[in-house]
Amino acid sequence: QVQLVESGGGLVQAGGSLRLSCAASGRTFSSYVMGWFRQAPGKEREFVAAITGSGRTTYYADSVKGRFTISRDNAKNTVYLQMNSLKSEDTAVYYCAARTYGNPTNGEYLYWGQGTQVTVSS
């Protein structure tokens with residue numbers, strides 16, 4: 001069982017930056033692929049970024065490539081999402097998730113956090 005707790009969301013102006021954090025419980029954090037997803041009002045949840053357990057490989061949605069960076073610190077059981085050049089269309093609830101195998105870009109993750117709101121004002 002893994003518990004995930006996101007933090008770092010908030011209100012920011014377009015063009016600004018935020019860094020989200022996701023703290024995980026458990027002793028095997030480095031064995032999990034970690035992902036970030038988001039869901040805007042009235043829309044389906046969508047993939048944002050993912051990172052392998054070692055941190056060597058990352059994946060990004062086209063809509064955030066070049067603006068967002070996913071990273072992890074396995075010593076701290078934490079994964080991060082650095083979001084730069086934010087746009088109004090990035091407004092959503094952001095969720096982190098954990099899985100042990102499979103396609104990192106689909107939504108079939110085992111564990112999910114409760115989400116953190118990101119609002120970008122234009």
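K87 has no carboxylate O lying under 4.0 Å from a charged side-chain N of D90, or vice versa, which leaves the two without a salt bridge.
Under the side-chain contact (heavy atoms from CB on, under 4.5 Å) rule, Y59 has a single partner from I70, T52, I51, which is T52.
Not counting sequence neighbours, the partners of F37 by the ring-ring contact (aromatic ring centres under 6.0 Å, His included) test are F47, Y109, W112.
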(request) Given side chain to side chain contact (heavy atoms under 4.5 Å, CB included), test T91 with R38 step by step and report yes or no. (result) CA-CA 9 Å; T91 295; R38 66 186 182 187; over 6 Å; no
(message) Working note: R99 + N106, criterion side chain to side chain contact (heavy atoms under 4.5 Å, CB included); need CA distance, chi angles, decisive distance, verdict.
(response) CA-CA 11 Å; R99 69 189 299 167; N106 71 27; 2.7 Å; yes
(request) Please lay out, stage by stage, how V33 and Y101 fare under the test side chain to side chain contact (heavy atoms under 4.5 Å, CB included). (result) CA-CA 7 Å; V33 171; Y101 63 91; over 6 Å; no
(request) Given side chain to side chain contact (heavy atoms under 4.5 Å, CB included), test V79 with W36 step by step and report yes or no. (result) CA-CA 9 Å; V79 62; W36 284 98; 3.9 Å; yes
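Y94 and F68 have tilted rings, their planes meeting at an angle from 30° to 60° on a 0 to 90° scale.
Side-chain contact between D73 and Y80: present, with at least one pair of heavy atoms (C-beta onward) separated by less than 4.5 Å. Side-chain atoms of L20 and M83, non-hydrogen and from C-beta on, do get closer than 4.5 Å to each other. Residues V2 and L110 form no side-chain contact, since every pair of their non-hydrogen atoms from C-beta on lies 4.5 Å or further apart.
Minimum heavy-atom separation, A97 to L4: CA-CD1, 3.7 Å. Contact record, A92 with A40: CB-N, 3.8 Å, taken as the closest heavy-atom pair. Across all non-hydrogen atoms, the minimal contact from S85 to S17 is N-OG, 4.4 Å. Closest non-hydrogen pair, T100 versus Y32, comes out as CG2-CE2, 3.4 Å. When all heavy atoms of V48 and V64 are compared, the closest pair comes out as O-CG2, 3.5 Å. Minimum interatomic distance between A23 and T78 (heavy atoms only, all atoms of both residues): CA-OG1, 4.2 Å.
Using modelled atom types, no side-chain atom of Q13 and backbone atom of S121 make a donor-acceptor pair closer than 3.5 Å. At least one donor-acceptor pair closer than 3.5 Å links the side chain of R72 to the backbone N or O of F29. A donor-acceptor pair is defined here as one N or O able to donate and one able to accept, closer than 3.5 Å; no such pair exists between the side chain of N74 and the backbone of S54. The backbone N or O of Q82 sits nowhere less than 3.5 Å from a side-chain atom of T69 that would complete a donor-acceptor pair.
Q3 CD to N77 CG: the interatomic distance, rounded to the nearest 0.5 Å, is 12.5 Å. Between atom CG of residue L81 and atom OG1 of residue T116 there is a gap of 11.0 Å, rounded to the nearest 0.5 Å.
Hydrophobic clustering (side-chain heavy atoms under 4.5 Å, transitive across Ile, Leu, Val, Met, Phe, Trp, Tyr) keeps V120 apart from V93.
Enclosure of atom CD in Q117 by more than 12 non-hydrogen atoms of other residues, nucleotides or ligands within 6.0 angstrom is indicated. Counting heavy-atom neighbours within 6.0 Å of K65 NZ, excluding the residue itself, gives a total above 12.
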